[in-house]
Protein chains: 2
Amino acid sequence: MTPITPTAPDRAAASEARKQRIRDAALSLFSQFGLRGASLDAIADQAGVSKTNLLYYFPSKKKLYISVLQQILYTWLEPIRAIDAEQSPEAAISHYIRIKVELSRDHAQASRLFCLEMIQGAPLLKEELQRDLRALVEEKSKVIEGWIASGSLLPVDPHHLIYLLWGTTQHYADFAVQIEAISGKTLADPEFFETTINNIQRIVLGGLLPRSNEA
Amino acid sequence: MTPITPTAPDRAAASEARKQRIRDAALSLFSQFGLRGASLDAIADQAGVSKTNLLYYFPSKKKLYISVLQQILYTWLEPIRAIDAEQSPEAAISHYIRIKVELSRDHAQASRLFCLEMIQGAPLLKEELQRDLRALVEEKSKVIEGWIASGSLLPVDPHHLIYLLWGTTQHYADFAVQIEAISGKTLADPEFFETTINNIQRIVLGGLLPRSNEA
DNA sequence: TTTCGGTTGGACCAAATGGTCTAACCGACT
DNA sequence: AGTCGGTTAGACCATTTGGTCCAACCGAAA
């Protein structure tokens, strides 16, 4: 009943598992050395399969790379999709920051690969960015403008707000080494994790300058 | 009288110029493809010299890479050095943001190379980060704490404030493609440049939430 | 038991790559 | 003119790399 493919059902499952193992290894190496810098030998090695076998599942290096990127992209844009006009701006932004810092902690490699691709000029994602991401950002900008119009948010350019949130939160994944070198802490440390979220929320929502009582 | 080296003086100048041309080409390619991803052939080509000649000036790929990185590092940490206790926090932070966004505009490649190196785990810079950068950040954190103690700044963890400033400003260099895909603008556009600075300053200093008059 | 399609890996290949060797070049000083 | 040290490049090399080919394997259906 279960078999959909002509061969045994667990055959397909095992195959998919293997593919995922390869994708995982690829993510690990691509996120460290980039598309050109990572070799198929190394990826196959880390995945525990032969290079030929890797090329059986993914017909070329580029196809493998794209497959990995594609898998990331969805997860990556999820938090911003969650923003909606029904929430208060405080709740929405607070929540967004938390989710994004969680992503930086749990999917740091994915964040780095995404960053690498951007640095390189996003040769493989540019189109998608221009179409989907742009529309998504436009949509959420409208929400932010609504908040501003209703007086529940101080006036700010929605795009720059979004960039600031992206930049700040991803920084903890992409520059993890730097942060560890300076703070001696990682997001894996629960206390540092909470402090991080807390401080970003405080700065973005409340600002740094005290309301002057003078003048 | 002028000759310091045994050979003619302009000989050394021409030599240094060539070295710089090579470093420039190297920056351009390393910042795009990383240490492994960029080839000496391509670098020599872009610099307009033969590969052998490149290897005459820089005895190995790694040495060249380090030379480029070294040259960046100083420029990169300059803005944070400029922060001092005499300024008002508002002036210091405003100025820092402006300088940093200027760097993102004028030295985007350097920013990206630095980012790449961090992503990779900073194998060549880790030591320096742990020593010099850490000390520098510690010093400036003291300044920020002073501001907080004197009541001219709301309480915030200095480290996280610094990370937020770094992340936000560098984002405009490292993710330039993404920003262009969404906003259709670049920092090269003077209006966009000023809007960027203005918005970051406003969010960081003033915060987003209006002071509630209720309750 | 045979066969068949999906699967696996060792041998192999052409191109690219980091780096060496050697010969020639060139301007300055004798 | 000759030579000397800094400079330049073409030929060459060993290794790595992305990718192909072919032979073998393996579990299930006939």
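Only a predicted model underlies this, so the values are computations on that prediction, with no experimental measurement involved.
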With the side chain defined as heavy atoms from C-beta on, A/Tyr57 is closest, among C/dT8, C/dG19, C/dG18, to C/dT8
Side-chain contact check for A/Lys61: nearest option of C/dG19, D/dG19, D/dC21 is D/dG19
Here the distance between atom P of C/dT17 and atom CG of B/Leu64, to the nearest Å, is 15 Å
- [ ] State whether a side-chain donor-acceptor pair under 3.5 Å links A/Gln109 with A/Arg112.
- [x] no
To the nearest angstrom, the CG-P distance between B/Leu29 and C/dT17 comes to 11 Å
### Message
Categorize A/Ala38 for me: base, sugar-phosphate, or nothing, with a 4.0 angstrom heavy-atom threshold over every strand shown.
### Response
sugar-phosphate
Ranking C/dT8, C/dT20, D/dG19 by distance to the side chain of A/Lys51, first place goes to D/dG19
Exercise for the section: Select base, sugar-phosphate, or nothing to describe what A/Phe58 touches, counting heavy atoms under 4.0 Å on all strands. Expected result: nothing
Check: Which part of the nucleic acid does B/Arg36 contact within heavy-atom distance under 4.0 Å: base, sugar-phosphate only, or nothing?
Finding: nothing
note: B/Asn53, atom CG; D/dG6, atom P; distance rounded to Å ~ 15 Å
| Given C/dG9, is OP1 or OP2 found less than 4.0 Å from the side-chain N or O atoms of A/Ser50? | yes
Please work out if B/Thr52 contacts a base, only the sugar-phosphate, or nothing of the nucleic acid, heavy-atom cut-off 4.0 Å. base
Check your understanding: Are B/Ser15 and D/dT7 close enough that a side-chain N or O sits under 4.0 Å from OP1 or OP2?
Key -> yes
Rounded to whole Å, the CG-P distance (A/Leu35 to D/dT17) equals 14 Å
Taken to the nearest whole Å, CG/A/Asp45 to P/C/dG9 is 12 Å
A/Leu55 atom CG is separated from C/dC13 atom C1', nearest whole Å, by 14 Å
We want to know whether A/Thr168 and B/Thr168 form a side-chain donor-acceptor pair, criterion being a heavy-atom distance below 3.5 angstrom. yes
Report yes if a side-chain nitrogen or oxygen of A/Tyr56 is closer than 4.0 Å to either non-bridging phosphate oxygen (OP1 or OP2) of D/dT20; otherwise report no.
no
ask   = So, B/Ser183 side chain and B/Glu180 main chain: donor-acceptor pair closer than 3.5 Å or not?
value = no
Between CD of B/Glu16 and C1' of D/dT7 the distance, given in whole Å, is 15 Å
With the side chain defined as heavy atoms from C-beta on, B/Asp41 is closest, among C/dC21, C/dT17, C/dG9, to C/dT17
- Going by distance alone, is a donor N or O of one side chain under 3.5 Å from an acceptor N or O of the other, for B/Gln178 and A/Glu117? no
When rounded to whole Å, the OH to P distance for the pair A/Tyr65 and D/dG18 reads 14 Å
Sorted by position of nearest nucleotide on DNA chain C, 5' first, the leading residue of B/Leu40 and A/Arg18 is A/Arg18
Closer than 4.0 angstrom, basic N to acidic O: yes or no for B/Arg81 and B/Glu139? no
